[in-house]
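Please read the structure below before turning to the comments.
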Amino acid sequence: MYKITIENKVIEAVENLSVDEIVKNNFSDIRPVAAKIDGVLVDLSEIVKKDVSIELIKPDEEEGLEIIRHTCAHVFGHAIKQIYPNTKMVIGPTIDNGFYYDIYNEDSISEKDLSSIEALMKKLAKKNYKIIREVVTKEKAQSVFRERKEDYKLKLIADIPSDEVIAIYHHEEYIDMCRGPHLISTKELNYFKLMKISGSYWKGDSKNEQLQRIYGTAWDTKDNLKAYLHKLEEAEKRDHRKIGQKLDYFHFQEESPGMVFWHDNGWKLFNIVKDFITSYLRNYDYKIINTPQILDKSLWKKSGHLDKFSDLIFDVSSENKEYAVKPMSCPGHIQVFNQGLKSYRDLPIKFAEFGLVHRNEPSGTLHGLMRIRAFTQDDAHIFCTPDQIENEIKLLIKTIYEIYRQFGFEEIKVELSTRPEKRVGGEEIWDKSEDALMKALDASDVKWQLNEGDGAFYGPKIDFSLKDSLERVWQLGTIQLDFSMPARLDATYVDHNGDKVAPVMIHRAILGSLERFVGILIEEYAGDLPLWLSPLHAVIINISENQEAHCLELAKQINNLGIRASSDLRNEKISYKIRHHSMMRVPYLLVIGDKEVESNQISVRTRTGEDLGVMDVDKFIKMVETLVGNKSIVLKN
RNA sequence: GCCACCUUAGCUCAGUUGGCCAGAGCAGGGGUUUUGUAAACCUCAGGUCGUCAGUUCGAAUCUGACAGGUGGCUCCA
């Protein structure tokens, strides 16, 4: 007889029972998807053979959902093998909100095929097939998958260490290799949808053969599935490309793929962001410089960029000279540093540039403002001594957080990337600088992750990333140490011994690319930018042509006082104009009729439809000044 | 660059198995209206159906190439 602790109860079991049977015998209202026996995750079919403590995994828990999704991937495998028997299954892991399965198929699957595959999956799930786990030897596993011609599973088995347990799961004729656990039957699977299809590569290496990846989502209840699909629809409405077009901010066209045509209001936003960063640069002793757009290829050869990144560099030739359009500003900054003799007393020297760079990125990677071929970095290079690294980094981390906070971003992903296998510089400088970065991160009290071996060949780095509306992560800020380029391009300073030595260079960008940052801003606020960022603060709307002259005069007056305002005097009904400018997300609509002209006041309405009432112009200006000054996200104080 | 898909008027979209002059709403022009807080009414104009080639008596519709885009993959100094 065993003593089993489960769901805060102690149960005595007389014979070897499965977890599933124990639950069914004792709890009529609980339907778990798996269990933990003494902390170890198992299937419900696991037989209890001793005194244990059982924790049940419910479908609505994160671990429970993962099990549902994992099983769903197997049912997908079952369906696809029935429709396309020659399909070779590769790997089918769970991901956020669902799963994917990589497959290899002679005839590729198209998105049109998904609905029939999904229909078959639903049919198979309803059959209530028992899902059975079997622990097998490596040899047995190999023979099973050899018989099924699952070449990729065989390759995976070959990589499994001999001391590791191999489990295979089968339901009806489908067999897959998996750590598990899984649902006990396919019947529990009801709320899933195949979403999309994409290419992928075996082992994630583009040199390997191309596979197809089918994405699916799976949930514990109908409502959760529906809610997820609804959330995707809502996220699409925040897409900066859609909003950018609707608000007349920018456009793209095929004559210049990956490069932005900024319109008046979008360019205003761009410059508001730029001016904000400029004021920070002035406060922190940066020298703001500007360097040429094209430079002779010999310089890029010397810096090493031409050999390493020639695919991404746009070429220009003129007369007998070969030039490269700059893909980055660092070599230019070193040329400025090299003018005149520098002493250690001069360091750190900080050069900043809103550097417009061109990179011929592969066509498939372009994405709205987020990834483009011509973009503006808020770039800077700090030339310093090794001893100054830690302080400079601390200061940078602090200011990056401070600046992001002012834009309203709190959730920032921070990663430290350390020395890669191929690198320049001695171990000592890597030790010292990785240590400096870590210390600076810890001292700054931020959560960060280690990305071992992912640093640049010339030094370790810290990256700062934010998410877009569809939770895609985009890198913005970066702090990179560089032990290589200053020496390659002959940068030196005189140290206190009188020797000429190469400085350490810190590459840093706070927003990264201004274009990308504007894209992130639009998505974060779904177009409802805080007042201080709004290209237009207010539109003045007249009720009839009687007030035309007054409106024009008013627009002039408040523009002079720093309010970004325009007027709409079209011969349209007031409600028409209200609707139009509300949809254009103009923060304030100032309505002027005969009453307002007479009292010299304005009727103020916000873009969200809130009536702030009739007020004096002075009062309105003071309100806007206050809200702009404290970077408020609301439109009244 | 790779895989799948998409491309019709300024925008959002219809266009049935290839078949009379390719449609709608919004936006735009012209009128009427002088309007009080999210769409006034009438009217007019707008498209070589992404480009180029092919199949066919006939192509927006079928085929191919190319371009651009979308979702991923790879990449992201």
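The chains referred to below are lettered A, B, ... by the order of the sequence lines, with proteins before strands, and numbering in each begins at 1.
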Inset, instruction - Count the heavy atoms of every other residue, nucleotide or ligand shown that sit under 6.0 Å from CD of A:E209, and state whether that count exceeds 12. - result: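 Yes, the 6.0 Å shell around CD holds more than 12 heavy atoms from other groups.
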Please say whether the positively charged group of [X], taken as NZ for Lys or CZ for Arg, lies over the ring of [Y], i.e. under 6.0 angstrom from the six-membered ring centre and within 45 degrees of the axis.
X: A:R69; Y: A:W219; value: yes
X: A:R423; Y: A:F457; value: no
X: A:K88; Y: A:Y152; value: no

For [X] and [N], what is the distance between atoms [atom1] and [atom2] respectively, to the nearest whole Å?
X: A:H367; N: B:G72; atom1: NE2; atom2: P; result: 7 Å
X: A:D311; N: B:C76; atom1: CG; atom2: C1'; result: 13 Å
X: A:Y576; N: B:C41; atom1: OH; atom2: P; result: 12 Å
X: A:H581; N: B:G36; atom1: NE2; atom2: P; result: 17 Å
X: A:R607; N: B:U37; atom1: CZ; atom2: P; result: 22 Å
X: A:K308; N: B:C75; atom1: NZ; atom2: P; result: 13 Å
X: A:E572; N: B:G28; atom1: CD; atom2: C1'; result: 12 Å
X: A:M259; N: B:G68; atom1: CE; atom2: C1'; result: 14 Å

Taking any heavy-atom pair under 4.0 Å as a contact, classify [X]: base, sugar-phosphate, or nothing.
X: A:Q212; value: sugar-phosphate
X: A:K246; value: nothing
X: A:S582; value: base
X: A:Q245; value: sugar-phosphate
X: A:R241; value: sugar-phosphate
X: A:F457; value: nothing
X: A:G364; value: base
X: A:S198; value: base
X: A:H507; value: nothing
X: A:E596; value: base
X: A:L589; value: nothing
X: A:S363; value: base
X: A:M195; value: nothing
X: A:Q253; value: nothing

Legend entry - Side chain proximity check, A:H333 to A:T291, heavy atoms < 4.5 angstrom: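 Result yes, sub-4.5 Å side-chain heavy-atom pair found.
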Quantified in whole Å, what is the [atom1] atom distance between nucleotide [N] and nucleotide [M]?
N: B:G30; M: B:C49; atom1: C1'; result: 29 Å
N: B:A60; M: B:U16; atom1: P; result: 13 Å
N: B:A38; M: B:C20; atom1: C1'; result: 43 Å
N: B:G72; M: B:A9; atom1: C1'; result: 32 Å
N: B:C6; M: B:C44; atom1: P; result: 37 Å
N: B:G15; M: B:U61; atom1: C1'; result: 9 Å
N: B:C21; M: B:U48; atom1: C1'; result: 15 Å
N: B:A27; M: B:G10; atom1: C1'; result: 7 Å

Inset, instruction - Would you kindly compare A:R605 and A:H305 by the position of their nearest RNA chain B nucleotide and give the one closer to the 5′ end? - result: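 The residue closer to the strand's 5' end, by nearest nucleotide, is A:R605.
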Legend entry - Contact nearer the 5' end of RNA chain B, comparing A:R472 with A:R570: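 First, find each residue's nearest nucleotide; the 5'-ward one identifies A:R570.
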Inset, instruction - Look at A:R213 and B:A4 and indicate whether a side-chain polar atom (N or O) is within less than 4.0 Å of OP1 or OP2. - result: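 No, outside the criterion.
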Inset, instruction - Output yes when at least one side-chain N/O atom of A:S575 is less than 4.0 Å from OP1 or OP2 of B:G36, else no. - result: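 So the side-chain polar atoms of A:S575 never come under 4.0 Å of the phosphate oxygens OP1 or OP2 of B:G36.
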Legend entry - Residue matched to B:C41 through Watson-Crick or wobble contacts both under 3.5 angstrom: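 Pair assignment: B:C41 / B:G31.
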Legend entry - Paired nucleotide for B:A67 [Watson-Crick or G-U wobble; both distances under 3.5 Å]: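 Its partner is B:U7 (Watson-Crick or G-U wobble, both distances under 3.5 Å).
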Kindly say whether the aromatic ring centers of [X] and [Y] come within a distance under 6.0 Å.
X: A:F483; Y: A:W430; answer: yes
X: A:F620; Y: A:Y588; answer: yes
X: A:H251; Y: A:F261; answer: yes

Inset, instruction - Using the side-chain contact (heavy atoms from CB on, under 4.5 Å) rule, pick out the option among A:N360, A:V357, A:I313 that qualifies with A:P327. - result: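 For A:P327, the side-chain contact (heavy atoms from CB on, under 4.5 Å) test succeeds with only one of A:N360, A:V357, A:I313, which is A:I313.
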Return yes if the base of [N] and the side-chain atoms of [X] contain a donor-acceptor N/O pair under 3.5 Å, otherwise no.
X: A:R359; N: B:C75; result: no
X: A:S603; N: B:U37; result: yes
X: A:Y100; N: B:G71; result: no

Inset, instruction - Please work out whether B:G46 sits syn or anti, treating a glycosidic angle within 90° of 0 as syn. - result: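 Judged by the O4'-C1' to base torsion, B:G46 sits in syn, the angle falling within 90° of 0.
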Which of the following nucleotides, [options], is nearest to the side chain of [X]?
X: A:I197; options: B:A38, B:A4, B:C75; answer: B:A4
X: A:Y201; options: B:A77, B:U74, B:C75; answer: B:U74
X: A:R579; options: B:A39, B:G36, B:A67; answer: B:A39

